[in-house]
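Notes to accompany the following structure.
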Amino acid sequence: MGYEAIYRHSIEQPEAFWAEQARAIHWRTPPKQILDYSRPPFRRWFVGGETNLCHNAVDRHLAARGDQLAIIGVSTETGQTRELTYRDLYREVNTFAAVLQSLDVGKGDRVVIYLPHTVEAAVAMLACARIGAIHSVVFGGFASHNLALRIDDAQPKLLICADAGSRGGKVIPYKPLVDEALELSSAPPPHVLVINRGLDPQSPMTPGRDVDYATASTAHANADVPVQWLESNEPGYILYTSGTTGKPKGVQRDVGGYAVALMLSMKMIYDVGPGQVMFSTSDVGWVVGHSYNVYGPLLAGATTILYEGLPTVPDPGVWWDICARYGVRTMFSSPTAVRALKKFDADYIRRHDLSALQYLFLAGEPLDEPTAQWIQDALGKPVIDNYWQTETGWPVLSLMPGVEMKPTKLGSPGLPTPGYRLRVIDETTGEDAAAHEKGVLVIEPPLPPGCLSTIWGNDERFLAGYFGHFKQPLYSSLDWAIRDEDGYTFILGRSDDVINVAGHRLGTREIEESVSSYGAVAEAAVIGVSDELKGQVPVVFATLRQTGDDAARAEAAKGMRQTVEHNLGAVARPARVYIVNALPKTRSGKLLRRSLQALAQGADPGDLSTLDDPGALEEVKQALARGPDVGG
Ligand code: AMP
């Protein structure tokens, strides 16, 4: 069947389509009902079916491929490579699961995982899945405030962390950040399980609370922990993502629907099957890491590569060397990473034997044409843009070479993947936009399997945040889009206050709250400004409680930047800070962020009819002309 026939089948007969797809995973008890849509827009897939992600990702492969590599962990930070067969992985996961149980973690308990991108992170996730615990992985680049917010919301029974991570050869102690987050938190877990990598000899341990993994695991070296079967719709994991408020949203994913959707995507989109090798350069802290560094390839019986390190160290050919060494078939990365490599000679790519490599998929942010063209020329392989979100868990738009390779249109992630009923609609009228007309990309519910079930502990936020934008109950992606006459969709950026820095999603409100927590600040506005390398960078406009001279302004600007870095992590560090005497607002007091953003990018500030004080806009223009108080 070609793409059109598959897509049409998925839309016209969703239950028949997904019932067939569900056969790709192992069910302890088969589903009794494929779709329950009695409480729209909530939906439940594969109702009554019992399954387990760890069983499908590990145990299921033991008989046929126990000696095949499952996970390869390559770290150019520690200089170590770990290769685990499916049998090795089974062993490690069972030992880990036994340690979790010894710490009283069981079905439905939340476990926060704060680890670098290592094999241990994948093992920890799978061990949680095995016993029905709900993991919530927090990106290792996030600082204590971010971690504390997530702990408070998830209320975990356990936090798993490492002594330290490492970036560019610099050791980043994790444990002091964890200790600080637990101080800040109102719901600290009773135990912290520490994986000591030997990177930070000073790593602090709190007796009675902190447990050393190496010591705890010796008693469980040969444990076999039975799989906890879960009803398909029970929560598998929570992954926090940024929204329009300062409070992150816990995207809650189910078990059965997720496994089925990932299996479909591995076959039809990424074209990776049993015994083949996939290399996704993302981090376990992000959704791509969950779906295509850990669960997707393992569910498919493939080999996955986890890379810890910079793409340019020891030289900009390091990823391609890994591809050649392990015969990688499908690679998955981000436009930002390619832009970083583009600064170097394409020969760093060409000098490696990439005969096994079939595709490079890129996602997470808009893929600009020069970047796509450069990497396509350097590789001589198809470069495929795919669009999705933390919420969807797997691609919404992509070409599907596992089914049929359609022509690429540069600048577009392509066509809807199976099960997604997409529309582009006018923001104000809610009517369908004509071809080439800008609108908001929406998904007609029921959402397909794999997408979020709800926001953890907050159905209201799920309903209002995603389904409350139009008269009809439509899931809003909050992305602007246009569609051409062939159905190819082009994504034009977010319609809300979320920005995308190097493929990382950040809420401007979170950064504003952090800036405002710096004592000298009266008020702050944070916007995303285009950046050649990172796509967007955060830029701050702030007013001070007390006006001061140049030196005082520079001091305050520096303080704000340090505060954000300390609270939220280096990813959120403002590129530039401008101090002004007033911020442009509407008469009702709303910050005119879009006008600020336009001005900062040298564009027309747009509709200013609601502007309260024209002087504030002048202030901003002057500050931009003068240059930032901190940053280049
Ligand atoms: P995240 O949830 O962190 O994956 O961020 C999702 C957001 O990233 C989307 O809402 C888009 O704004 C953006 N995004 C992801 N993939 C693409 C893509 N292929 N093209 C354009 N924007 C993308």
Side-chain angles (χ1 to χ4, degrees), residues 137-139 141-142 146 237-244 248-253 265 269-270 280-293 332-339 359-369 371-372 375 383-400 408-417 420 422 424 438 440-443 450-452 455 465-466 469 475-483 488-508 510 528 530 534-536 571-572:
V137 183
V138 177
F139 175 54
F142 281 148
N146 266 331
Y237 69 74
I238 311 169
L239 180 57
Y240 286 87
T241 188
S242 296
T244 45
K249 303 185 270 197
V251 165
Q252 178 181 322
R253 191 102 57 218
S265 67
I269 302 175
Y270 299 106
S280 165
T281 68
S282 183
D283 184 285
V284 277
W286 307 113
V287 69
V288 179
H290 282 62
S291 294
Y292 299 110
N293 295 33
F332 191 154
S333 193
S334 69
T336 291
V338 176
R339 285 194 293 265
Y359 320 97
L360 172 65
F361 285 84
L362 297 173
E365 57 183 311
L367 174 60
D368 56 287
E369 293 192 24
T371 301
I375 189 70
V383 172
I384 303 175
D385 185 5
N386 56 133
Y387 161 88
W388 44 298
Q389 306 179 308
T390 305
E391 289 84 347
T392 67
W394 63 290
V396 175
L397 289 166
S398 185
L399 297 184
M400 307 210 311
T408 302
K409 290 196 189 188
L410 282 185
S412 168
L415 301 162
T417 55
Y420 285 100
L422 299 184
V424 176
K438 180 176 161 180
V440 178
L441 184 70
V442 301
I443 308 171
C451 293
L452 78 171
I455 296 296
Y466 298 107
H469 297 265
Y475 170 92
S476 177
S477 69
L478 300 164
D479 276 308
W480 298 113
I482 55 170
R483 208 148 41 168
Y488 280 67
T489 303
F490 294 75
I491 303 293
L492 308 176
R494 297 282 298 195
S495 66
D496 61 356
D497 294 327
V498 163
I499 62 172
N500 196 316
V501 180
H504 301 159
R505 178 165 156 185
L506 300 171
T508 50
E510 291 168 69
S530 310
K534 296 182 173 174
Q536 281 186 309
V571 273

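Just follow the structure's listing: the first ligand is 1, and inside any ligand the first atom is 1. Note that the coordinates shown come from a computational prediction; the quantities given were computed from them, not determined experimentally.
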Notebook entry, point to check: Under 4.0 Å from any heavy atom of Asn386, which atoms of ligand 1 are there?
Noted result: 16 (N), 18 (C), 19 (N)
Checklist line | Distance filter under 4.0 Å to Ile491 heavy atoms, resulting ligand 1 atoms | finding: 21 (C), 22 (N)
Notebook entry, point to check: Are any of the side-chain nitrogens in Lys249 or Glu510 under 4.0 Å away from the carboxylate oxygens of its partner?
Noted result: no
Margin query: Any carboxylate oxygen within less than 4.0 angstrom of a Lys/Arg side-chain nitrogen, looking at Glu365 and Arg339?
Written below: yes
Checklist line | Among Asp368, Thr392, Asp479, closest by any non-hydrogen atom to atom 11 (C) of ligand 1 | finding: Asp479
Check: atom 19 (N) of ligand 1: which of Leu506, Ile384, Thr390, Asp385 has the nearest heavy atom?
Finding: Asp385
Item checked: ring-ring contact (aromatic ring centres under 6.0 Å, His included) partner of Trp388, the single match among Trp286, Tyr292, Tyr420 -> Tyr292
[atom1]/[X] to [atom2]/[Y] distance, rounded to the nearest 0.5 angstrom?
X: Thr281; Y: Asn293; atom1: OG1; atom2: CG; result: 7.5 Å
X: Glu391; Y: Ile455; atom1: CD; atom2: CD1; result: 6.5 Å
X: Ile384; Y: Tyr270; atom1: CD1; atom2: OH; result: 9.5 Å

At a non-hydrogen distance cut-off of under 4.0 Å, which region of [X] contacts ligand 1 (side chain, backbone, both, or neither)?
X: His504; result: neither
X: Arg494; result: side chain
X: Asn500; result: side chain

To the nearest 0.1 Å, how far is [atom] from its closest protein heavy atom, and which atom is that?
atom: atom 16 (N) of ligand 1; value: Gly364 N, 3.1 Å
atom: atom 6 (C) of ligand 1; value: Trp388 O, 3.6 Å
atom: atom 3 (O) of ligand 1; value: Arg505 CB, 3.2 Å
atom: atom 20 (N) of ligand 1; value: Glu365 O, 3.3 Å

Note to self: Pairs of nitrogen or oxygen atoms closer than 3.5 Å, one from Glu391 and one from ligand 1: do any exist?
What the structure shows: no
Next item on the list: Answer yes if the ring centres of Trp394 and Phe361 are under 6.0 angstrom apart, and no otherwise.
Entry: no
Check: Counting only N and O atoms by type, is there a donor-acceptor contact under 3.5 Å from the side chain of Asn386 to the main-chain atoms of Leu362?
Finding: yes
